2 protein chains.
Amino acid sequence: MSTVGFRQHDHAHCVHTALAQAEAKCKAKRLQFTPVRRRVLEILLEKHKAMGAYDILAVLAAEGMGSQPPVVYRALDFLVQHGFVHRIEQLNAYAACAHPTHDHVPAFLICRSCKAVAETETELTQGRLGVAANTSGFQIERVVVEAEGLCPECIGTQA
Amino acid sequence: MSTVGFRQHDHAHCVHTALAQAEAKCKAKRLQFTPVRRRVLEILLEKHKAMGAYDILAVLAAEGMGSQPPVVYRALDFLVQHGFVHRIEQLNAYAACAHPTHDHVPAFLICRSCKAVAETETELTQGRLGVAANTSGFQIERVVVEAEGLCPECIGTQA
DNA sequence: CCTCGAGTGATATGTTATTACATTTCTTGG
DNA sequence: CCAAGAAATGTAATAACATATCACTCGAGG
Ligand SMILES: [Zn+2]
Ligand SMILES: [Zn+2]
Ligand SMILES: [Zn+2]
Ligand SMILES: [Zn+2]
């Protein structure tokens with residue numbers, strides 16, 4: 001599993017590992033890793049890209065695990081809450097966390113051409129934003145950092 | 001007009017000034033600063049906070065300037081495109097730019113309690129995100145930076 | 001066995017955004 | 001000025017994303 005997601009990797013292995021890690025973490029924290037929650041995470045890990053809630057729901061529905069929006073939104077809420085999945089605000093979409101082993105502030109590189117999403121990390125109060133927060137007395141709790149542009153594959157195929 | 005929006009300022013003056021600046025910039029760049037576009041910007045400047053597209057549309061509709069969604073979305077697209085307004089991804093909302101005189105990468109401090117939004121600036125490729133982009137060959141074109149937390153007014157009134 | 005709370009199933013609804021096409025207005029070269 | 005093309009607008013319909021609510025199930029703890 002690479003830091004930025006534009007390289008090859010052993011995909012079947014990373015799916016399996018991430019699921020096992022999630023299961024272990026839920027056990028440790030007494031969280032219910034129910035079939036729907038597990039399957040939603042698995043779908044996101046398998047696809048290995050950002051998916052809309054209704055895309056995930058379509059997969060669930062085809063498997064008879066619930067066909068109504070609340071099913072998937074509840075599962076996503078749980079997974080996001082506990083750091084297994086991140087929401088990509090720019091895309092109204094969700095992606096499995098690439099660094100599930102530790103707490104972190106995620107940041108994303110999003111290709112505007114092929115929609116590939118790579119996750120990296122950043123600081124909660126970096127650069128001028130932290131300065132502005134300190135100056136004004138604003139208390140930062142969460143930061144969304146999402147860069148849009150062209151991934152290595154798509155540079156050259158574009159204007 | 002303050003850098004971060006949690007302080008007092010001469011509001012009527014800042015609305016007027018910003019509108020005049022926008023008009024001048026459009027003239028210089030041969031852009032059509034049409035009545036709808038002007039009024040949408042004015043509404044955002046007057047409210048001086050983030051507004052949803054449909055909130056703006058309701059104001060327009062009450063004034064007979066168009067009652068269908070595309071009216072306001074087209075105006076917002078124009079204003080965002082040319083830097084007069086920014087979209088706040090976390091809120092699916094729009095706010096007039098606080099620094100319309102120069103090009104910049106906006107960053108926002110968003111109070112989760114009172115929904116106040118303050119705009120500051122940042123760099124296109126700051127910190128680890130820039131490093132990750134360079135390492136992987138990703139070409140950043142736009143960055144969304146939005147911090148959520150508590151503004152000075154709301155700290156203390158919360159848990 | 002009973003109760004409570006988390007999770008799920010199901011219906012309905014709310015909110016945000018886009019597509020499509022007809023029409024009007026503006027701009028510009030002749 | 002005038003015609004042709006570009007830009008903007010009017011309008012209807014629909015797509016995409018998200019939440020409210022209530023009934024039901026099931027397992028843990030008393
Ligand atoms: Zn992550
Ligand atoms: Zn790409
Ligand atoms: Zn700005
Ligand atoms: Zn506040």
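What you see is a predicted model; the values in this text were computed from it and never measured.
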K.L.:
For DNA chain D, what residues of residues 73-87 of chain B have any heavy atom nearer than 4.0 Å?
P.N.:
B/Arg74

K.L.:
Determine, for B/Glu148 against A/Arg142, whether the closest basic-nitrogen to carboxylate-oxygen distance falls under 4.0 angstrom.
P.N.:
yes

K.L.:
Please set out all donor-acceptor pairs under 3.5 angstrom arising from side-chain atoms of residues 33-41 of chain B, sequence neighbours excluded.
P.N.:
| residue | atom | partner | partner atom | Å |
| --- | --- | --- | --- | --- |
| B/Arg37 | NH1 | B/Gln32 | O | 2.8 |
| B/Arg38 | NH1 | B/Glu23 | OE1 | 2.8 |
| B/Arg39 | NE | B/Glu63 | OE1 | 2.9 |
| B/Arg39 | NE | B/Glu63 | OE2 | 3.3 |
| B/Arg39 | NH1 | B/Glu42 | OE1 | 3.1 |
| B/Arg39 | NH2 | B/Glu63 | OE2 | 2.7 |

K.L.:
On DNA chain D, does the nearest nucleotide to A/Asp55 precede the nearest nucleotide to B/Tyr54 from the 5' side, or the other way round? Give the residue.
P.N.:
B/Tyr54

K.L.:
Does the side chain of B/Pro106 reach to within under 4.5 Å of the side chain of B/Cys97, using non-hydrogen atoms?
P.N.:
no

K.L.:
Tell me, do A/Ile88 and A/Glu146 make a side-chain contact under 4.5 Å, heavy atoms counted?
P.N.:
yes

K.L.:
With A/His16, which residues qualify under side-chain hydrogen bond (donor to acceptor under 3.5 Å, both in side chains), at least two apart?
P.N.:
none

K.L.:
In chain order, what residues pass the side-chain contact (heavy atoms from CB on, under 4.5 Å) check against B/Lys29, with sequence neighbours excluded?
P.N.:
B/Lys25, B/Leu31

K.L.:
More than 12 heavy atoms of other residues, nucleotides or ligands under 6.0 Å from NE2 of A/His13: is that the case?
P.N.:
no

K.L.:
Can you check whether A/Lys49 reaches A/Val117 side chain to side chain, under 4.5 Å on heavy atoms?
P.N.:
no

K.L.:
Which residues satisfy the side-chain hydrogen bond (donor to acceptor under 3.5 Å, both in side chains) test with A/Ser67, sequence neighbours excluded?
P.N.:
none

K.L.:
Students should find this one: the first and last nucleotides of DNA chain D, 5' to 3', lying under 4.0 Å from a heavy atom of chain A. What are they?
P.N.:
D/dC17 to D/dA20

K.L.:
How would you list, by chain and number, every residue that makes a side-chain contact (heavy atoms from CB on, under 4.5 Å) with B/Thr122, sequence neighbours excluded?
P.N.:
B/Val105, B/Ala107, B/Gln126, B/Val145

K.L.:
Expressed in angstrom and rounded to an integer, what is the separation of B/Ile56 atom CD1 from C/dT15 atom P?
P.N.:
16 Å

K.L.:
Tell me whether B/Val143 is reachable from A/Leu129 by hopping between hydrophobic residues (I, L, V, M, F, W, Y) whose side-chain heavy atoms are closer than 4.5 Å.
P.N.:
yes

K.L.:
Which residues, if any, of residues 63-71 of chain A bring a heavy atom under 4.0 Å of DNA chain C?
P.N.:
A/Gln68, A/Pro70, A/Val71

K.L.:
Please collect all salt bridge (Lys or Arg N to Asp or Glu O under 4.0 Å) contacts where either partner lies in residues 73-94 of chain A, sequence neighbours excluded, each pair once.
P.N.:
A/Arg87-A/Glu89

K.L.:
Decide yes or no for B/Tyr54 and B/Ile56: does some side-chain heavy atom of the first lie under 4.5 Å from some side-chain heavy atom of the second?
P.N.:
no

K.L.:
Hey, what bend do you get for the helix from C/dC1-D/dG30 to C/dG30-D/dC1 if you fit axes on five pairs at each end, rounded to 10°?
P.N.:
30°

K.L.:
Tabulate below the donor-acceptor pairs under 3.5 Å that side-chain atoms of residues 79-86 of chain A make, not counting sequence neighbours, or state none.
P.N.:
| residue | atom | partner | partner atom | Å |
| --- | --- | --- | --- | --- |
| A/His82 | ND1 | A/Phe78 | O | 3.0 |
| A/His86 | NE2 | A/His104 | NE2 | 3.3 |
| A/His86 | NE2 | A/Glu119 | OE2 | 3.0 |

K.L.:
What residues in residues 30-42 of chain A put a non-hydrogen atom under 4.0 Å from any atom of DNA chain D?
P.N.:
none

K.L.:
Is there a path of hydrophobic side-chain contacts, each under 4.5 Å between heavy atoms, that joins A/Leu19 and A/Val59?
P.N.:
yes

